[in-house]
Each structure stands twice: as C-alpha cells, then as structure tokens.
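Structure record follows, encoded as structure tokens.
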Amino acid sequence: MNDMTIDVPPRRGRPKIGLALGGGAARGWAHIGVLEVLAEAGYAPDVIAGTSIGAVVGGCFAAGKLPQLSEFAASLTKRRVVGLMDFHIGGAGLIAGGRLKRLLHRDLTGIRVEELPLRFVAIATELGTGHEIWLTHGPLVEALGASYALPGVFDPVKLGGRWLMDGALVNPVPVTAARALGADIVICVNLNSDLAGRGTVIQNHAADPDPVVPELDIRPTSRWLGGITGAARRMRGLVGRQADDRPGLAGVMIDAFNITQDRISRSRLAGDPPDVMIGPKLGRVGLFDFHRADETIEFGRHAARRALDEIAAVVAANHVAAD
C-alpha cells in the first residue's frame, strides 16, 4: 500500500462515512457485529476513529483482519481469558499486557497506521497532562496498545516520548476525531448507552452503616499460587465480588472508570452529536465478559440493523454528486 490509498474520494453516490467506535472493554465485541452489518449493507466506513476496544476492533477492520479478530473472540473461554492476563507486581498496572500484544503482533506486525487503506486514528490520553493524543501514524499494534491501556489495570505505554493510557479518559466516543479526519457524516457506536441508572441523583440517602459488616474470610490453600484454579480464583476476587458481596479491586477501578467515561461521553456527544448513534443493548454484558463474544457480537448486529433506515436517510440527505 502507499500513501495515495489514504485520501480516497468518497464512494460514488454517497458521502464519506466516518465511524466512531467507543470504549467499553468486553462489550466492544459488539463493534464486530456493527461493522459486519454496515459492510454488508454498503456502508463500510471510509474513516474510523476508535477508543480503547473500539480502536482494537476498528484497527483490525482497517487492516482487513476483522474475520481473524472475530474468530479469536469466539474462541475465548473463561479459562483462556485468565490465561491471557499476565499479572505482575511492581508495575503501574495489574497486568503487563505482553500476552495480548503478542496476539495482536501475530496478525498486525509490520502494519503502520498511515499505510492503511482508510483513514484511521486511535485515541489515547497522555499521563500527567491529560492531553488527548490522536495516534495517526506509526506501528498499528503500538497505537492500539496505548489506546486500551486502562489505568490501574494495564501498564501505560511510552510512545514518541509520551506516556499514554486509555483514550476513554478524555474521548470515550471519538466523534470529533472522525469528523476531523474528513468524514461527511459520522456514525457512532456507544457501548454504554444501555446502562440503566447512570446519571441518577439519589437526594436523600442515609450515611448510617449497615448493621452487620462481615469480615473477610481469607483462608490460605495449597492451590492458591498454583494452576489455573488458583488464577481463576484470584481473577474472580479482582474483577467480581467477594463471598460477602464486597466488590473486587479491579472491579472497583473498572466501574469507577466506566462511570466517569459515561459522564464524559454524555457531555461530548451533546456538544458534537453524531449523525447516527448506534447503541447496542449490552446492559447484561459485564466489562470482563470477554468469553461471551458470540452473543455480544450478535447484539451489535441487531443494533446496526435497527439503525439502517436512519443511516440510509442521512446518507441520502448528504448525497455527494458524482464528478
């Protein structure tokens, strides 16, 4: 490929379509279903802006590797998900991320963002300054790794002299970036639009503690540090809830991050709304339910199909005349 393939003119008879793919951890498999339906309906994007898991799915689509990603996602089980998480002590996150990066290298090695056949940008956040960083050139794998470096979970990534982390901290659904890269119309996929109760104000809640606060029951076992059983137990404690219903460490961090992301999304989408918003019904899919790819992808397909009539109307209203 060469640089001449990047700034292609809009497809004859329709405007240049931009797709903004939002963050949302395991819910991001829904992006696969959305892209499949849009491509089948003739609305494959000319521009993709992705944040976090949205960058991963969008980058794989831009590189022609969406089928491989879909196959990988469908192969995941709870056991395999745990096996991909290389926990470590002493880093800036719980997970080093080397195993996930090696998987991306398997299909994306040697591919550079600026050489993709369509315009693509991965959104990241600079540690310390909070700058919104648009990764528009350089190795695709590195750009994706920086965009999904969830604070406290993955180590930040140093690229071009900057320490970068998850782009959802500053731009969870990057409509603005898709427009800036030349899209005439922008379709966004908001993975958090179906979360009930976000933004509600509880105006009169007591500060009295619960009558009984159970103590944590930590019992050492011979298998705690050995085998997949021990790893799975640790993982459940981190991302799920303890036996007494206390949330796990990573679960607290992820949910706090997700609440912040939802509030930022609302504000930014109000200021720069997309032409069409696709909101898959993902309330039942947890942030770490990567093993539920088949049903999550199907949720994405359903949401995209529901939006096709609206997309057709917007495309018709923004018709680009052929030269």
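Any value given below was found using the heavy atoms of this structure, including those in side chains, with hydrogens, waters and symmetry copies removed. Positions are given from 1 along the sequence. Quick caveat, the model's predicted, so the values are computed rather than measured.
The minimum heavy-atom distance between L19 and P45, with the atom names listed, is CB-CB, 3.9 Å. Taking every heavy atom of both residues into account, L287 and A25 meet most closely at O-CB, 3.1 Å. The two residues A178 and A49 come nearest to each other via the heavy atoms N-CB, 3.8 Å.
Looking only at distances, a side-chain donor or acceptor of R27 sits under 3.5 Å from a matching main-chain atom of V285. Not a single donor-acceptor pair under 3.5 Å links the side chain of D46 to the backbone N or O of K16. Under the 3.5 Å distance criterion, the side-chain polar atoms of S147 are left unmatched by any main-chain donor or acceptor of A143. A distance-only check finds no donor-acceptor pair linking the side chain of W29 to the backbone of R292 [under 3.5 Å]. No side-chain donor-acceptor contact under 3.5 Å links T51 to the backbone of I123.
Between H302 and K281 the shortest side-chain heavy-atom distance does not fall below 4.5 Å. Using a 4.5 Å heavy-atom cutoff, the side chains of Q68 and R106 are not in contact. Using a 4.5 Å heavy-atom cutoff, the side chains of Y148 and I53 are not in contact. Inter-residue side-chain proximity for S52 and L150 is flagged as unmet; no heavy-atom pair is nearer than 4.5 Å. The side-chain heavy atoms of R80 and F72, taken from C-beta on, include a pair separated by under 4.5 Å. Between I17 and V47 the shortest side-chain heavy-atom distance does not fall below 4.5 Å. When side chains are defined from C-beta on, L66 counts as touching V57, because their heavy atoms get closer than 4.5 Å. Side-chain contact check for L282 versus L191: some heavy-atom pair is nearer than 4.5 Å.
Remark: R306 CZ is packed, more than 12 non-hydrogen atoms of other residues, nucleotides or ligands lying under 6.0 Å away.
Remark: D184 CG to D275 CG distance equals 9.5 Å, nearest 0.5 Å. Taking CG from N190 and CG from L21, the interatomic distance works out to 11.0 Å, rounded to the nearest 0.5 Å. The SG atom of C188 sits 5.5 Å away from the CG atom of L269 when rounded to the nearest 0.5 Å. Summarising the geometry, atom CG belonging to L164 is positioned 10.5 Å from atom NZ belonging to K158; distances are rounded to the nearest 0.5 Å. Rounded to the nearest 0.5 Å, atoms CG (L104) and CG (L140) are 8.0 Å apart. The distance from atom CZ of R112 to atom NE2 of H137, rounded to the nearest 0.5 Å, is 7.5 Å.
Hydrophobic clustering places L35 together with F299 (ILVMFWY residues linked when any side-chain heavy atoms are closer than 4.5 Å, directly or through intermediates). With hydrophobic clusters built from ILVMFWY side chains whose heavy atoms lie under 4.5 angstrom apart, Y43 shares a cluster with V189. There is no path of hydrophobic side-chain contacts, each under 4.5 Å, that joins I264 to V170. By the criterion of side-chain heavy atoms lying less than 4.5 angstrom apart, applied directly or through intervening Ile, Leu, Val, Met, Phe, Trp or Tyr residues, V314 is grouped together with I187 in one hydrophobic cluster. Follow the hydrophobic side-chain contacts under 4.5 Å out from W134 and you never reach L116; the two are in separate clusters.
Salt bridge status for E298 with R305: present, with a side-chain N to carboxylate O gap under 4.0 Å.
When each of V121, L118, I48 is tested with L181 by the rule side chain to side chain contact (heavy atoms under 4.5 Å, CB included), just one qualifies, namely V121.
Remark: N171 pairs with E132, T176 by the side-chain hydrogen bond (donor to acceptor under 3.5 Å, both in side chains) rule, at least two apart or across chains.
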Salt bridge (charged side-chain N to carboxylate O under 4.0 Å, His left out) between K78 and D289, worked out:
CA-CA 8 Å; K78 289 183 179 180; D289 286 346; over 6 Å; no

